[in-house]
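The analysis underlying the following values was restricted to heavy atoms, covering all of them including side chains, and did not include hydrogens, waters or symmetry mates.
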2 protein chains.
Amino acid sequence: MSKTPIPKPTESELEILQVLWQHGPSTVRFTNDQLNQRREVGYTTTLKLLQLMLDKGLVLREDDSKTHVYRAAVREEETQGLLLDRFVDSAFGGSAMKMVMQALGNHPTSADELAQIRSLLNQIEEQRNGNSTSKPQNDEPA
Amino acid sequence: MSKTPIPKPTESELEILQVLWQHGPSTVRFTNDQLNQRREVGYTTTLKLLQLMLDKGLVLREDDSKTHVYRAAVREEETQGLLLDRFVDSAFGGSAMKMVMQALGNHPTSADELAQIRSLLNQIEEQRNGNSTSKPQNDEPA
DNA sequence: TTGTATCTACGACGACTTTCGTATATGTTT
DNA sequence: AAACATATACGAAAGTCGTCGTAGATACAA
């Protein structure tokens, strides 16, 4: 019954998690190479980070072979959700609405993406109303 | 032509900015009182923070009277936009879409808010298409 | 004038994060 | 075996952030 007490990853740890999420279980070498495509990071720096993340429970590792293989111990969406909560709280005073509006306003959004969002909105509304039909109702009954 | 080089506020600085945004120009005492409604913070801590923020250019102050009055030097939406960019980058690999979907999925959203978002989506689409009519088009023509 | 309350300025400490140098183990090649 | 490449472990430096103690200034009350 205890919720998983996921520790909040730091920015650098997030960078690493992105690599692991995207590419699956990886060696230190591979992870470091990926990071270096964006910015310069020393090998031992990446190693140390992964070791710390292991302590925190953010990653798991297999040391069957000489070279250890790390993989994410936290799921992408779960982690992002956690961070999102914190962020909405500290930057938007808790109003997720405000944040969504800002995001939609500031970032270029393709027509396809707009459609995706609309579809999600429909889903939410249907679930809220407990409808099993997909027919949209326009007004509340008088 | 130079974009305003707003330094990224830390979490504590954000807390203070929220107070200033919400209540307008404030003394250290008032600001500290506000903060203490949420958590315990020492007076000199708040003072120090405000002084640092003054150096960074995040706030301005008037020291006409003995007691200084601080006010936000950065606008709310601008700052939030800046932070949002950084956050989307580090937590969602740059995909604002993914983040919006998460936010809508995870947070309870009232019917009214859903309508607000729909309205915003319509606006965006109209602007993109350069339409002056507000008539919504339902389908793409076959 | 003397005491009291309230303010600003400033320095410093502890926690956390990121970074890297160095030591050491292990495997590989000649 | 000797030299070399590559891996992990560990300690520590450097920077940032939040916190607060203390000193000194200023106004006001008794």
Residue A:Leu49, side-chain heavy atoms: nucleotide from D:dT19, C:dA9, C:dT19 that is nearest: C:dT19
Is any side-chain nitrogen or oxygen of B:Ser12 closer than 4.0 Å to OP1 or OP2 of D:dG18? yes
Figure out the NE2/P separation between B:His68 and D:dT26, and round it to whole Å. 11 Å
Closer than 4.0 Å, any side-chain N/O of B:Thr44 to the OP1 or OP2 of D:dT22? no
Donor-acceptor pair under 3.5 Å: do we get one between A:Lys48's side chain and the base of C:dG21? no
Starting at atom CG of B:Asp55, determine the distance to atom C1' of D:dG18, rounded to an integer number of angstrom. 16 Å
Could you give the CG-to-P distance, from A:Leu54 to D:dA9, as a whole number of Å? 9 Å
Relative to the ring of B:Phe87, is the ring of A:Phe87 parallel (under 30°), tilted (30 to 60°) or perpendicular (over 60°)? parallel
Note, B:Asp63 side chain near B:His68 side chain (heavy atom, < 4.5 Å): yes
Can you find a heavy atom in the side chain of B:Met99 that is under 4.5 Å from one in the side chain of A:His107? no
Please confirm whether the shortest side-chain N or O distance from B:Arg39 to OP1 or OP2 of D:dG18 is below 4.0 Å. no
Does some side-chain heavy atom of B:Glu77 sit less than 4.5 Å from a side-chain heavy atom of A:Met101? no
Please confirm whether the shortest side-chain N or O distance from A:Arg29 to OP1 or OP2 of D:dA7 is below 4.0 Å. yes
With respect to the side chain of A:Lys66, which nucleotide from D:dT19, D:dG18, D:dA7 is positioned closest? D:dA7
Short side-chain N/O contact from B:Gln51 to OP1 or OP2 of C:dA9, under 4.0 Å: yes
Drop me the distance from A:Gln116's CD to A:Ser110's OG, to the nearest 0.5 angstrom. 7.5 Å
Touch check for B:Leu52, heavy atoms < 4.0 angstrom, all strands: base, sugar-phosphate only, or nothing? nothing
Mind calculating the distance between CG (A:Asp64) and C1' (D:dA7) to the nearest angstrom? 15 Å
Whole Å only: how far is the CG atom of A:Leu47 from the P atom of C:dT19? 13 Å
Using a cut-off of strictly less than 4.0 Å, decide whether B:Tyr43 has a side-chain nitrogen or oxygen near OP1 or OP2 of D:dT19. no
Between NZ of A:Lys8 and P of D:dC17 the distance, given in whole Å, is 12 Å
Taking CG from B:Asn32 and P from C:dT6, how many angstroms apart are they, rounded to a whole number? 13 Å
Reckon B:Thr45 has a side-chain N or O less than 4.0 Å from the OP1 or OP2 of D:dC20? yes
Within this structure, what is the CE-to-P distance between A:Met53 and C:dC16, rounded to whole angstrom? 17 Å
